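Notes to accompany the following structure.
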Amino acid sequence: MSSRPMAFDLKLSYSLAGLNSRRVLAVCLHPELLGNTTLPLDVRLRAQRLLEVCNGGSVGSYTDSSGIPHVSQSIAEFIMRRDVGVHPHAKDVFISSDSERGLMVILKLLASGEEDTQTGVLTPRPCPHTLPTLLDDAGVALVPYQLMEDRGWAVDLSELHRALKCDRGGCNPRAIYISNPGTPTGNVQDWKSIEEVIRFAAAERLLLLVDEVYQDSVYGQGKEFISF
Ligand SMILES: Cc1ncc(COP(=O)(O)O)c(C=O)c1O
């Protein structure tokens, strides 16, 4: 294995939930709305472009399992604009209907063994409230690492080592889940923290599962979102 860890960015942006995106979706599902001038022009043009790249001009048609290639390409271009110096490939983008489904696909691939051989996932405490159930449903063990409340709920490297050491023997940790910006804490990891986590994951051969759903919700002076 190379020293570069495998990583999945679980969600690029929550902005798809915005009003215009819902309108685009409505037009895609009901193309007659393309002629409805009460809808903004950019909404109709976006929907028209999406319909053009769907087989048969319909969102009801089959697509690649990883999503519509045109959408994967625009996601790759978004990452390139956002992260200077990064050149993602559309073929490395896998689109799912929501982040939980995407996470479940990966967890099921990782899940194996029982008791001391059962796959484990290092999971922050506190963590998104739906995560423990999801891990349980996937058949993987939750390996908790405590976030540091007195440091604004930061991720602490020695705590990661402690959690890993403590649980090796109880299960087989194979991945680490990170929520950045953190839910429910709001902690935003800086470059140093991100680098520590990536080096830790590489050294311990852990798959990085990074949930960046709240990348547009960064609060606090001098705070900046950096994608893993
Ligand atoms: C940590 C986290 N990830 C992802 C999501 C979005 O989930 P989904 O894409 O499954 O709707 C949320 C929404 O509440 C969340 O809190």
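Both backbone and side-chain heavy atoms feed into the values below; hydrogens, waters and symmetry mates do not. Just so you know, ligand 1 is whichever comes first in the structure, and atom 1 is the first atom listed for that ligand. Counting begins at 1 with the first residue of the sequence. Keep in mind it's a predicted model, so treat the numbers as computed, not measured.
One option in Pro128, Ser99, Ser179 has a heavy atom closer to atom 7 (O) of ligand 1 than any other, and that option is Ser99.
Screening residues 182-195 for salt bridge (charged side-chain N to carboxylate O under 4.0 Å, His left out), with sequence neighbours left out, gives Lys192-Glu196, Glu195-Arg199.
Residue Glu114 qualifies as open at atom CD: its count of foreign heavy atoms under 6.0 Å is 12 or below.
Residue-level proximity to ligand 1 for Asp211 is carried by the side chain, the only part with a heavy atom below 4.0 angstrom.
Close N/O approach between Thr183 and ligand 1 is not found [any backbone or side-chain N/O within under 3.5 Å].
Listed by number with element, the atoms of ligand 1 under 4.0 angstrom from any heavy atom of Tyr214 are 12 (C), 13 (C), 14 (O), 15 (C), 16 (O).
Hydrophobic cluster membership for Phe94: none, as no Ile, Leu, Val, Met, Phe, Trp or Tyr side chain comes under 4.5 Å of it.
Side-chain atoms of Tyr177 and Asp211 form a donor-acceptor pair, as typed in the model, at a separation below 3.5 Å.
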